[in-house]
Amino acid sequence: MRLFAALVPPDDVLDELAQAIAPHVGQVPGLRWPARDTWHITLGFFGEVPERVLPDLETRIERAVRRHPAPNLTFDRFGAFSSPRRARVLWAGVTGDPMTRLADSVRAAARRAGATQTDEKRFHPHLTLARAKTETDLRPLVESLSGFSGSPWQADRVRLVRSHMGAQVRYESLAEWALAPAGQG
Ligand code: 2AM
């Protein structure tokens with residue numbers, strides 16, 4: 001099964017992002033906009049994980065999550081990977097409490113449980129809003145979204161998600177664990 005761990009922002013924060021992008025959705029040729037109920041910030045992508053590994057993976061990730069304080073975050077910009085000029089992904093970015101240790105810890109937990117395909121790339125927290133099949137010049141779009149600043153929020157839980165591949169990717173939430181109260185850790 002294909003698994004990843006993610007933070008899911010609260011509804012009112014997602015409302016602000018949805019409002020900001022609304023004038024552009026469907027307006028840029030080649031861009032596909034995933035449904036809002038799939039929006040998340042990936043902490044760790046584990047790739048294909050054997051089903052037998054799941055119980056141990058859940059135990060280890062839960063332990064990792066409980067050790068880290070809930071980060072306070074704000075969506076404050078839009079950007080694109082690999083760059084606005086040659087974009088495949090349009091994202092919303094956060095600033096706030098650093099999350100690298102949390103992400104490292106969650107990925108290490110998955111690897112120890114036997115998730116051998118766990119992504120080792122540097123962690124760039126982002127929420128993907130649109131994808132393009134080919135590199136697309138999104139400079140005008142990113143420019144027109146500049147100046148955005150959302151409300152602060154606290155990411156208080158981590159969700160383990162199964163990704164069902166197909167014509168339309170479907171996400172299934174398998175478990176959710178609370179982070180430690182902010183100020184601890
Ligand atoms: P993305 O939003 O930048 O595409 C489920 O696919 C989630 O895992 C997505 O949020 C995706 O990030 C992230 N992810 C990280 N590495 C991935 C990889 N190698 N393949 C697919 N998804 C990956």
Side-chain angles (χ1 to χ4, degrees), residues 1-10 13-14 16-18 20-21 24-25 28 30-51 53-54 57-58 60-61 64-65 71 73 75-96 99-111 113-136 138 141-142 145 148 150 153 155 157-177:
M1 53 176 73
R2 197 175 162 93
L3 299 180
F4 64 96
L7 304 173
V8 179
V13 168
L14 296 184
E16 294 172 349
L17 294 178
I21 62 169
H24 308 285
V25 174
V28 185
L31 266 197
R32 289 169 302 128
W33 302 78
R36 174 197 158 127
D37 64 2
T38 69
W39 289 357
H40 61 272
I41 298 175
T42 300
L43 279 178
F45 177 76
F46 312 138
E48 283 296 330
V49 176
E51 201 156 341
V53 159
L54 187 59
L57 181 125
E58 291 194 352
R60 286 176 186 273
I61 296 181
V65 167
L73 303 169
F75 284 104
D76 66 349
R77 66 194 184 284
F78 294 90
F81 292 145
S82 56
S83 72
R85 189 165 74 84
R86 302 163 67 115
R88 302 287 292 264
V89 170
L90 172 74
W91 47 257
V94 282
T95 52
M99 293 190 283
T100 308
R101 284 172 57 197
L102 168 63
D104 286 350
S105 180
V106 163
R107 294 173 187 197
R111 272 195 297 273
T116 55
Q117 296 179 10
T118 296
D119 189 6
E120 314 245 356
K121 285 198 295 289
R122 221 179 126 222
F123 176 57
H124 294 284
H126 65 278
L127 184 151
T128 294
L129 291 164
R131 292 193 175 83
K133 280 219 164 71
T134 57
E135 287 180 347
T136 304
L138 293 185
L141 175 57
V142 170
L145 290 168
F148 175 84
W153 56 286
R157 49 195 52 248
V158 171
R159 187 179 289 181
L160 179 67
V161 186
R162 179 174 182 182
S163 169
H164 297 269
M165 304 302 283
Q168 189 92 29
V169 177
R170 186 171 60 82
Y171 293 151
E172 176 190 2
S173 177
L174 297 184
E176 216 169 56
W177 302 285

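Atoms within each ligand, like the ligands themselves, are counted from 1 in listed order.
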Is it true that Arg111 and Glu120 have a side-chain N and a carboxylate O under 4.0 angstrom from each other? yes
Would you check ligand 1 and list the protein residues that come within less than 4.0 Å of it by any heavy atom, ordered by chain and number? Arg2, Phe4, His40, Thr42, Phe45, Asp119, His126, Thr128, Arg131, Tyr171
Could you please spell out the steps behind the side chain to side chain contact (heavy atoms under 4.5 Å, CB included) verdict for Trp177 and Leu160? CA-CA 9 Å; Trp177 302 285; Leu160 179 67; 3.9 Å; yes
Any chance the rings of Trp91 and Phe81 have centres within less than 6.0 Å? yes
Close aromatic pair by centroid cut-off 6.0 Å: Phe78 and Phe148: yes
Does the side-chain hydrogen bond (donor to acceptor under 3.5 Å, both in side chains) test come out yes or no for Thr42 and His40, once each step is laid out? CA-CA 6 Å; Thr42 300; His40 61 272; 3.2 Å; yes
Examine distances only and state if a side-chain atom of Arg170 and a backbone atom of Ser163 form a donor-acceptor pair shorter than 3.5 Å. no
